[in-house]
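Data block below; observations after.
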Amino acid sequence: MKEYFPLLLVGAIIGVLSIVFVVAYLLIKDKKNAIGFERNMKDGEITKRLLVYAKPHVGSFVLVLLLMLFSIAYDIISPLLIGSIEEMVKSDFPMKKLLVMVAIYASILAVSLVCTYVQSLVLQKTGQKIISSIREDLFTHIESLSHNQLTEIPVGKLVTRVTNDTNAISMMFTNIVVTLVKNVFIIIGILVAMISVNYELTLMVLCFVPFIVLFTVIFRKFSRKAYRRVKDGTTAINTFLSENLSGMKVIQIFNREDYKMNEFSTKNRGLVRAQTAHIFVFGVFRPVVYLLHTSSVLCLFYLGGRGYIKNTSFLGQTLTSGTIVTFYMYINKFFNPIQNLAEQFNWLQSAYASAEKIFTIFDITPEIVDEPDAIELDHVEGSIEFKNVWFSYIPGEWVLKDVSFKVEAGQTVAFVGATGSGKTTILSLICRNYDIQKGQILIDGIDIKKIKIASLRRHFGQMLQDVFLFSGTIRSNIVLRDEEFTDEQVMEACRYVNADKFISKLTGGINEEVRERGGNLSAGQRQLLSFARTIIHRPEIMILDEATANIDTETELLIQDSLEKMMSIGTMLIVAHRLSTIQHADNILVLAHGEILEQGDHNSLLKQKGKYYDLYMLQYSKENMKKN
């Protein structure tokens, strides 16, 4: 009995570890929903959707599978060759035979290395093509979402979906799936080879497999929990950074750096804890699997060595030194893929979690889409009509109430009223940034819902208070679209709106670099560039929303001159708090609480001495007070 004490000791240690892990598993099993183990989308559904992107590259995956079979041959055949060489060197042998065996071993190794290299090359190229397609489709889908939907989703979250989550899927296509298949083939191949060499020793090795399966199942649960927390922490930090880096100037103005730093530190510490927990899970699993691996090797050496030294058989089969060497190599090659299999399966699950997050974005149905019978609008005269329009951002809280008015082609119409009266909302509805709940909006007598969205917006030029400029050059920010414009055409548009005066003073002219969001330009300069951007694309309908707000007097005079020129181009809709900028409008609509109180030109509204008259006199008195 003493002979088997080492084996009993190994069994006792493994048994204690099994009990500890099972207890830990049972303690957290009932909390699955709370800690986020489960996903809403099944693996089968995710796989089916991912295969849509993999299908065009099926030839590449077949090639990888064939190459994989050649590379696996080394793992299965090499232990047999080493065992044969071990048997050979124990006695006299012709050197030629040894050299042949070594040459065969070297050839198999060389073929395996070449196949592995080509396999990796093909996989990386194929994986990047697949991920590129997913990213492009995802970005295109995000572009199709309405203003309301984009407002509800944090920008940082969308950035995480397009970058981090697609990278996780990239690992799945370039490494995880193929390696999983390869490891399964290796395990099966090695198991068959071991049985053919010595089935009794194979049974001894298989005694450790149930414990590997048990530890792997438990590890998956802990690992999934830890990885989910890492993903959530990463998304939280990306969202925080996206918002706060964009608003850093406001943070500095109000001296909130310390407060925001503490907030960031809290999120950062949360991510560190999640990462640490994830590392700890792997730090426990790997040594445990290595313990099983080492235990099997010790059992092999103890039983095999003891039987070989005493020249006895093990369960009826004779043990040789070659058999022990072969099994030692097979055990190494058997446990490595099993350990990798468990970890890669976990990475596969995390890739599925990322894929689910991406498909969740894909599954957001755009609120504003083309009608099945929507038409292209080649030309627009510019007449606009609102018929009994009702609109609300929040159900039941009406922003516009039964609004009706008409704008004739070529007219300049202004909207005035207090903040929240519905002025900007009207402009957004004309371009179908939002859809109305009741009523009808017509362009040239055609319901805008019957016009394709891209075709409709192509005829509008929008100049907003908060001008958004992209990183690039002044020229690229003016041109924007794919149409080719010459430098002279760009400068002509700039001269038309008086933007040439400041552009000519810049070192690079129209090729001057523009920093993110136009941070190196003044508000007035950005506004003039938005005018040039609008003019060069020759829209039939122009929209100005608070275009003269928050700019200096000198720039306002330039903009006033530009506005007078643009009024002759086509229909113009203006929202302005400064009533001096709309005195020449053909029609002025005064709004309050989503309703039209009065309308008419500047002089007629003053004669009515209504709401417009009160607003005008209030501004007039304020301007006089400033002068005095």
Side-chain angles (χ1 to χ4, degrees), residues 377-389 391 400 402-417 421-433 436 439-448 451 455-465 496-497 530-531 534-535 537-548 559-592 594-608 610-613 615-616:
L377 209 58
D378 296 327
H379 178 72
V380 167
E381 293 295 332
S383 67
I384 303 168
E385 185 175 4
F386 271 52
K387 287 186 175 181
N388 309 108
V389 171
F391 175 77
L400 296 181
D402 199 26
V403 171
S404 298
F405 64 87
K406 187 169 184 180
V407 179
E408 299 294 342
Q411 275 191 332
T412 296
V413 175
F415 301 87
V416 299
S421 59
K423 308 183 300 295
T424 300
T425 298
I426 288 175
L427 303 186
S428 295
L429 295 177
I430 295 172
C431 303
R432 278 198 80 188
N433 295 335
I436 60 176
Q440 197 176 29
I441 302 175
L442 307 175
I443 300 289
D444 290 350
I446 304 171
D447 192 324
I448 60 173
I451 305 170
S455 177
L456 174 70
R457 292 174 181 169
R458 192 179 300 120
H459 299 283
F460 285 89
Q462 299 190 53
M463 293 155 281
L464 308 178
Q465 177 182 350
Y496 193 86
V497 298
S530 78
F531 283 15
T534 301
I535 291 300
H537 291 107
R538 303 182 184 279
E540 289 90 349
I541 302 172
M542 287 173 288
I543 292 175
L544 284 82
D545 189 358
E546 300 293 351
T548 59
I559 290 177
Q560 288 283 17
D561 181 62
S562 302
L563 285 175
E564 291 178 13
K565 291 179 182 177
M566 289 190 291
M567 284 180 183
S568 61
I569 295 177
T571 304
M572 181 176 286
L573 307 176
I574 305 175
V575 167
H577 283 300
R578 297 188 187 184
L579 302 186
S580 58
T581 61
I582 59 170
Q583 290 183 18
H584 301 293
D586 298 306
N587 192 20
I588 300 172
L589 281 74
V590 184
L591 291 96
E595 298 177 299
I596 298 175
L597 297 183
E598 52 194 44
Q599 61 178 304
D601 60 25
H602 175 70
N603 293 326
S604 65
L605 288 175
L606 288 179
K607 290 178 181 178
Q608 293 180 27
K611 183 67 174 178
Y612 182 81
Y613 176 83
L615 291 172
Y616 181 79

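Not measured: the values here are computed from a predicted model. Numbering starts at 1 and runs along the sequence shown.
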Find out whether [X] and [Y] are in side-chain contact, i.e. whether some heavy atom of one side chain is under 4.5 Å from a heavy atom of the other.
| X | Y | result |
| --- | --- | --- |
| His379 | Glu540 | yes |
| His459 | Ile541 | no |
| Ile588 | His602 | yes |
| Ile426 | Leu591 | yes |

Atom pair [atom1] ([X]) and [atom2] ([Y]), whose distance is rounded to the nearest 0.5 Å:
| X | Y | atom1 | atom2 | result |
| --- | --- | --- | --- | --- |
| Met542 | Ile535 | CE | CD1 | 5.5 Å |
| Asp601 | Gln583 | CG | CD | 11.0 Å |
| Ile436 | Leu429 | CD1 | CG | 7.0 Å |
| Cys431 | Ile443 | SG | CD1 | 8.0 Å |
| Leu589 | Phe415 | CG | CZ | 5.5 Å |
| Met463 | Leu573 | CE | CG | 9.5 Å |

Checking the side chain of [X] only, and the main-chain atoms of [Y] only, is there a donor and an acceptor separated by less than 3.5 Å?
| X | Y | result |
| --- | --- | --- |
| Gln411 | Asn587 | no |
| Asp586 | Val413 | no |
| Lys423 | Gly417 | yes |
| Asp444 | Glu381 | yes |
| Ser383 | Val407 | no |
| Thr571 | Ala409 | no |
| Thr412 | Met572 | no |
| Arg432 | Arg457 | no |

Which atom of [X] lies closest to which atom of [Y], heavy atoms considered:
| X | Y | result |
| --- | --- | --- |
| Ile430 | Leu456 | O-CD2, 3.8 Å |
| Thr534 | Gln462 | OG1-O, 3.8 Å |
| Tyr612 | Glu598 | N-OE2, 2.9 Å |
| Asn388 | Ser404 | N-OG, 2.7 Å |
| Phe386 | Val403 | CB-O, 3.8 Å |
| Gly461 | Pro539 | N-CB, 3.5 Å |

- Can you name the residues that form a ring pair (Phe, Tyr, Trp, His ring centres under 6.0 Å) with Phe391, not counting sequence neighbours?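 Per chain and number, Phe391 pairs via ring pair (Phe, Tyr, Trp, His ring centres under 6.0 Å) with Tyr393, Tyr434.
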
- Only counting residues at least two apart or in another chain, list the ones meeting side-chain contact (heavy atoms from CB on, under 4.5 Å) with Tyr613.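 Scan of Tyr613 (side-chain contact (heavy atoms from CB on, under 4.5 Å), adjacent residues dropped) gives Leu606, Lys609, Met617.
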
- Task: Can you sort out the partners of Glu408 under side-chain hydrogen bond (donor to acceptor under 3.5 Å, both in side chains), two or more places apart, ordered by chain and number?
- Result: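 side-chain hydrogen bond (donor to acceptor under 3.5 Å, both in side chains) list for Glu408, sorted by chain: empty.
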
